Structures are given as structure tokens and as C-alpha cells.
Student: 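Before I ask anything, here is the structure I am working with.
Computation of the quantities below employed the complete heavy-atom set of this structure, encompassing side-chain atoms and omitting hydrogens, waters and symmetry-equivalent molecules. Predicted model only: the values in this text are computed from it and were never measured. Order of the sequence lines fixes the chain letters, A, B, ..., with proteins taken first and strands second; residue numbering starts at 1 for each chain.
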There are 2 protein chains.
Amino acid sequence: MRGNLFAVAVDLVILTVRRAELCVLLGQRNVTPHAGSWALPGGFVLPHEDLVDTAARLLTEQTGAEGGTDPTTADDGHLEQLASYAAPDRDPRGRVLSVGYLALLPDLPEPAAGPDAERRAWHPVQPLLHPGSGDPALAFDHNRILADGVDRARAKLEYSTLAASFCPPQFTVTDLRRVYEAVWRTEIDPRNFQRKVTSVDGFLLPTATMVTGGRGRPAQLFRRGPATTLHPPMLRETSGSTRAADR
Amino acid sequence: MRGNLFAVAVDLVILTVRRAELCVLLGQRNVTPHAGSWALPGGFVLPHEDLVDTAARLLTEQTGAEGGTDPTTADDGHLEQLASYAAPDRDPRGRVLSVGYLALLPDLPEPAAGPDAERRAWHPVQPLLHPGSGDPALAFDHNRILADGVDRARAKLEYSTLAASFCPPQFTVTDLRRVYEAVWRTEIDPRNFQRKVTSVDGFLLPTATMVTGGRGRPAQLFRRGPATTLHPPMLRETSGSTRAADR
DNA sequence: GCAAAAGTGTTGAGGCTACACCCATGG
DNA sequence: CCATGGGTGTAGCCTCAACACTTTTGC
């Protein structure tokens, strides 16, 4: 068989919404290359693993969460393949192809140090999307992988029910709206949003309980329904008809 | 560096519209494994290549076409990464990771035999999307890669100007409509389609010439404009609110 | 009572579907 | 002249943005 050989890694873009901001889980590397830099969690594909198995294993190692790759189940969380990156010089150790995976999770407690004693923390994504503006860059080409993951998440909220993957098993319409507002960095009219999402067949299933305790009228608690796509989509204001974003 | 090593290949899903049908370019393998089976054109990544370089090289080998990966130019054709496939048993020769690329091209003359003397031909995609219904399956997991590519192309026609990548440099509104009808397997009202696409800013640039020779009134010739996204999108009738398709 | 949040009603703007209708050519 | 396809006008439907308004809680 011709062709040279690659090490194959999976890198995870694990996103959540914390304090009204879209955040990504990063680890601070304690080995070369890029020791000291923040990086996406990742690891190599083991001999008997398919890519999604590696991604699910790494996700569990990082968070204890199950990925829930089967779209027919209403599992919490979401895991999907993003893209592959294999520039010849992306890793000084040799040729490494990295497959990016995107994971969406509800807000979790602050992570402890990882199995490899790396320091791990949630970082707001916004400063990391504009490298060179003061913030230190991520290791390898992880700024690009992160940007692709954020683009994908933003796009999929428009026409899918994935926003619910950022919510705990039971949530209110306002919880869901805060997800859209954090991911898109927009404000959404609460009244129209309410009507819109509750009228999509199979998106939100009402539960018997209400949420009390906050100020104002108690809110209905919902759980995810079986719907996966939104017809018609949620529209965010798009700027003009020409955008360079290539999905 | 830990982790076992992979051969890395790129497989191309080259789509075009021929005789009102969406077609894919396949080669008939003349080496093991799967000798005699039809397969997507592909090849291994060379030592100094990035993935998109490999894809562009293979595309040129197969068709002589340039890919045109820069979305800001109005190049003919389109080339984008699809996804990666690395199931442990997908290739009997050992661990091979394959990166799928999607290419969209205008209709071309019937291909000659390839550089490796493989027989090559355009095949309508529809029978290949339902394996097990009489037609022989493609080699490896290429039915899946093809299905992912067709899904992607169908989805992107909705909200992008990619349909023009299936057209020659100059084309009429009817040419463009036939692309949508072939890819989506639907009928579209010619009058509403005309208004819709000509009213999108920067999509179609009128040229000075008209197409005569057919029956009926001569049609305006257009070339692609700089727009890449459609706002609002072209809507195809979607069946219900729950689909299993995960993009 | 008052502020705050949940949820409903209503109205006008704009896009879409469906179709009537005119235009320009080949035969 | 007529069939064929290119292209425009228009009426009704539907959705959405905007916002007035009611409901139900904490303080």
C-alpha cells in the first residue's frame, strides 16, 4: 500500500453555555510541543476504535458525560464530526491528522484536573475567535478547529433542535432562549420566541411541573421531544447576501 | 508519540447533472481489494500535501477541472471537505482513514480511462443511495460517503448559490432551475423560480447576450455573481418536522 | 401595591404559491 | 398562425416582528 503514514488524533470542541456566554473546555498542556499553551482536549485513535468511539471515550474522560450520538433518542448532549485537519506542518512531531468533533453539553460544574493532571477550565469562546487581538493563541491549529465548531453550532441552531442539547433534561423556554442569545450573541424577543418554539411539533414536551422560586410568574418545565429539525427555521439576522463562510 | 498509524486517503464525490439526473463519477477497480467493483475516485495523501491539495490533484487527474476552493472567486466548480471515515475494518489491507471531498462540476464529456487504466463513467446517483435494491454495492464504504455527499449538496442548494457550480460559465435561468430539479428530484414553477433567483443580489449577473436557437423566446444569459448565500433560502418541501438525517 | 417574568392577542409588512397574462422566437 | 418557452403582474395565504395586554409570582 502506497502513501506515507499518519498518526490520527481526535480533538474535541466541547461547548456549553455558562453565565450567558458560549464557553469551550480547554486543557493547559504540560508536555511538548506547545507546553503551557491551552488546547482542545484530544487523544489518539486506539487500534480497535472507530473515530466516533474515540470521541465518545475522550468526552467521557473529560466530563463524565455520555455523547448521545443516536439522534432518535432524547439523550442529553450531542456529538458530531466536524472536519479533519492535516496540514503537513501542523504538528512538529510528524504527520498528524486530527479529526475535530463537536460536543454540546449542558452547563457542568467546574472541571477538576484531567487524567493526565492537566489543568482544565471553561473559556469564553469569543476572544479565541479573533486570534492576535491580545489573547494568546491556542496550541496547534486549534483556533481554527474551534472557529469551525462554533460556526457549525451557530448554523445548526437555525434549523435544528440542537439548542436543547445545551440544556439540562428539564428546562424552561427562557433557558432555551438564553442558549440562542449566548450562542448567537443577539437579543431575542421573549414573547415571539415562546410562541415559535412551543408551536414546533415535537420539539418541547410539557411536563407536569412548574418552576417557581424566581421572580415573576412560574414557568412551565419542558423536556426535549423527538423533533430534530425546525420547519421553518429560527432566523437570526444575517448581514447581507454575501458571506465568505464556507459552512 | 502514541497511537497506531494510518494510511490516509482522499475519496472524491464528483457530482454533475447529466440529462436531468444527478450523476457521480465512478471508476471500476482493477486491483484488489474489491477488484471489479465501482468505487469513488481516490488516492493517498502525499508527503507534502495538505488534504485539499490531494483532493485538488485527484480532481484534476480525473477531470482536468480546477477545483476553485476560494469562495471569493467565481471559478467554475466547487470543492469542499465532507467527512472522514475510519472504521477499523473498512479496508482489509489495514487501517486506512479516508477523507471524503465533495466536488460539483458542470456537465463534461464522457471520461476516458484514468491514468491507472481504470474504466470510468458517470452513474446516476439515485440507485446507489439505496444499496441492496438490486444494484451492486460500491467498494469499501463508498455508498455511505456518496450518500453523505449527496445529502450535503442537496442541503447546500437551499441556502447557498452552489447550484451555479453545476452550470457552465454562462447559463440561463432555466439551466439553473434544471439543476435544482435534478438534485432535489422535484418540479419547480419556472415563473416563481425566475423571479426568486434574479432578485437575489449578486447571484446572477446578466451578460449582453441572449440564447437563441431553441424553441420559444430567447433567454438571457447570466454568469455567477459574488454572492455565496441565499437570503431567504430556496425552500424545498420538507416532509414533516422529524428527520433522522444528521446533516 | 409594585416590579418582574410568563404567556396570549393583534396588526402590519413582506415573502411565497398559484396562476393569469404578455413577449419573442421557430416552424 | 400556433406551439413553445421566457418573463412580468397580481391576489391570497402564511409567517414574522413589534408591541399591547393579561397572568402569577416575590417582596
Student: Taking atom types as modelled, is there a side-chain donor on A:T172 or A:R177 under 3.5 Å from an acceptor on the other?
Tutor: no
Student: Consider side chain to side chain donor-acceptor pair (under 3.5 Å). Of B:R119, B:R120, B:E118, which one does B:Q28 pass it with?
Tutor: B:R119
Student: Between atom CD in B:Q220 and atom C1' in C:dC23, what is the gap in whole Å?
Tutor: 14 Å
Student: My understanding is that only residues two or more places apart in sequence, or in another chain, count here; which of them pass side chain to side chain donor-acceptor pair (under 3.5 Å) with B:Q220?
Tutor: none
Student: I'd like to check the ring pair (Phe, Tyr, Trp, His ring centres under 6.0 Å) partners of B:F222; sequence neighbours left out, ordered by chain and number.
Tutor: none
Student: Report, one pair per line, the protein and nucleotides 24-27 of chain C atoms (nitrogen or oxygen only) whose separation is under 3.5 Å.
Tutor:
{"unit_1": "C:dA24", "atom_1": "N3", "unit_2": "B:R217", "atom_2": "N", "d": "3.3"}

Student: Between A:P233 and B:T172, who's closer to the 5' end of DNA chain D by nearest nucleotide?
Tutor: B:T172
Student: In whole angstrom, what separates B:L204's CG from D:dG7's P?
Tutor: 11 Å
Student: Not counting sequence neighbours, which residues clear salt bridge (Lys or Arg N to Asp or Glu O under 4.0 Å) with A:R144? List them please.
Tutor: A:D148
Student: Which part of the nucleic acid does B:T198 contact within heavy-atom distance under 4.0 Å: base, sugar-phosphate only, or nothing?
Tutor: nothing
Student: According to salt bridge (Lys or Arg N to Asp or Glu O under 4.0 Å), who are the partners of B:D141, at least two apart in sequence or on a separate chain?
Tutor: B:R90
Student: Mind running a 4.0 Å heavy-atom check of residues 188-197 of chain A against DNA chain C and sending the residues that fall below it, in number order?
Tutor: A:R191, A:Q194, A:R195
Student: For residues B:V173 and B:D175, determine if any side-chain heavy atom of one lies less than 4.5 Å from a side-chain heavy atom of the other.
Tutor: no
Student: Please pick, from C:dG15, D:dG6, C:dA6, the nucleotide with the shortest atom-to-atom distance to any side-chain atom of A:T174.
Tutor: C:dA6
Student: Write down the distance between CE (A:M210) and P (C:dA5), rounded to a whole number of angstrom.
Tutor: 17 Å
Student: In whole Å, I'd like the distance from the CZ atom of B:R177 to the C1' atom of D:dG6.
Tutor: 10 Å
Student: Answer yes if the side chains of B:T228 and B:T161 hold a donor-acceptor pair under 3.5 Å, and no otherwise.
Tutor: no
